[in-house]
Peer 1: 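Please find one structure pasted underneath; my questions will follow.
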Amino acid sequence: QVQLVESGGGLVQAGDSLTLSCGASGFIFSNYGVAWFRQAPEKDREFVATIAWSGGSTVYADSVKGRFTISKNNAKNTVYLQMSNLKPDDTAVYYCVCARRFPLTTASGNDYWGKGTLVTVSS
């Protein structure tokens, strides 16, 4: 059983940068994918970015390509989401998720999820 804890959220202005962290307890196995999803107020949960735990291949949602970078530190069991040029539409609770598949672009009830960290981008 994997436990995920997100951190790094906060209130920023449009155009600012922010980096989120996702720390995992226990092991993330080599065949796992890790991803960031987000849920904006009054909107459905959506995929943001995913990374393969082994090899580091990445996939991004079109809405964040060129602005967000997902990365990882295997030794620290940590995944990061570096966000640049933030927009008000990026305001959401950001969740870390892992599962035994890559790319992890669609959520499943069998995945491991964190509790989320709130990012608020003001105009």
Peer 1: F47 and F37: aromatic ring centres closer than 6.0 Å?
Peer 2: yes
Peer 1: Is there a side-chain contact (heavy atoms from CB on, under 4.5 Å) between L86 and L18? Walk through the geometry before answering.
Peer 2: CA-CA 8 Å; L86 284 162; L18 196 65; 3.9 Å; yes
Peer 1: Is it true that V79 and V48 fall in one hydrophobic cluster, defined by side-chain heavy atoms closer than 4.5 Å?
Peer 2: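 Linked within one cluster.
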Peer 1: Is any side-chain heavy atom of V59 closer than 4.5 Å to a side-chain heavy atom of F102?
Peer 2: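 Yes, at least one pair of side-chain atoms sits under 4.5 Å.
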Peer 1: Give a yes or no on whether the backbone of I70 and the side-chain of Y60 come within a donor-acceptor separation of less than 3.5 Å.
Peer 2: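 Such a contact is found between Y60 side chain and I70 backbone.
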Peer 1: Measure the spacing between OG of S17 and CD of Q82 and express it to the nearest 0.5 Å.
Peer 2: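 Spacing of OG (S17) from CD (Q82) equals 7.0 Å.
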Peer 1: Give me the atom names and distance for the closest heavy-atom approach of L81 to A49.
Peer 2: CD1-CB, 4.3 Å
Peer 1: Could you tell me the separation between the CD atom of Q3 and the NZ atom of K115, rounded to the nearest 0.5 Å?
Peer 2: 9.0 Å
Peer 1: Within the structure provided, determine whether V119 and V121 are in side-chain contact (heavy-atom separation under 4.5 Å).
Peer 2: yes
Peer 1: Are the side chain of T117 and the backbone N or O of S7 linked by a donor-acceptor pair below 3.5 Å?
Peer 2: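 Answer holds: no.
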Peer 1: Can you tell me if D16 uses its side chain to pair, donor with acceptor, with the backbone of N85 under 3.5 Å?
Peer 2: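 Looks like no, no N/O pair under 3.5 Å.
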Peer 1: I'd like to know if D90 pairs up with K87 as an ion pair, taking the criterion as any Lys NZ or Arg NE/NH1/NH2 lying under 4.0 Å from an Asp or Glu carboxylate oxygen.
Peer 2: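 Looking at D90 and K87, the cut-off is not met.
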Peer 1: Do T69 and Y80 come within less than 4.5 Å of each other through their side chains, counting heavy atoms only?
Peer 2: no
Peer 1: For a quick test of reading the model, state the closest non-hydrogen atom pair linking V2 to A24 and the distance between them.
Peer 2: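 Shortest heavy-atom separation between V2 and A24 comes out as CG1-CB, 4.2 Å.
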Peer 1: Drop me the distance from C96's SG to D111's CG, to the nearest 0.5 angstrom.
Peer 2: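 Answer rounded to 0.5 Å: 11.0 Å.
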Peer 1: Say whether I51 and L20 are linked into one hydrophobic cluster, either directly or through other cluster members, by side-chain heavy-atom distances under 4.5 angstrom.
Peer 2: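 Yes, I51 connects to L20 through the hydrophobic network.
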Peer 1: If we check side chain to side chain contact (heavy atoms under 4.5 Å, CB included) with E6, which of these qualifies: W36, W113, Y94?
Peer 2: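 Going through the options one by one, the only one that passes is W36.
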Peer 1: Please find the pair of heavy atoms, one from A14 and one from S123, that lie closest to each other, and give the distance.
Peer 2: CB-CA, 4.4 Å
Peer 1: Rounded to the nearest 0.5 Å, how far apart are CG of L11 and OG of S122?
Peer 2: 5.5 Å
Peer 1: Taking T78 for the side chain and K76 for the main chain, is one N or O donor matched with an acceptor at less than 3.5 Å?
Peer 2: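 It does hold such a pair.
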Peer 1: Report the distance from atom CH2 of W53 to atom NZ of K72, rounding to the nearest 0.5 Å.
Peer 2: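 Interatomic distance, W53 CH2 to K72 NZ, rounded to 0.5 Å: 6.0 Å.
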Peer 1: Grab the two heavy atoms, one from P103 and one from T50, that are nearest each other, plus how far apart they are.
Peer 2: CB-CG2, 3.8 Å
Peer 1: Could you measure the distance from the OG1 atom of T19 to the CZ atom of F68? Nearest 0.5 Å is fine.
Peer 2: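 T19 atom OG1 to F68 atom CZ measures 10.5 Å (nearest 0.5 Å).
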Peer 1: Look at the side-chain heavy atoms of Ile, Leu, Val, Met, Phe, Trp and Tyr, link any pair under 4.5 Å apart, and say whether V93 and L104 land in one connected group.
Peer 2: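 Result: yes, single cluster for both.
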Peer 1: Tell me if a side-chain donor or acceptor on R38 pairs with a main-chain N or O of A92 at a distance below 3.5 Å.
Peer 2: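 No, because the side chain of R38 does not come within donor-acceptor range (under 3.5 Å) of the backbone of A92.
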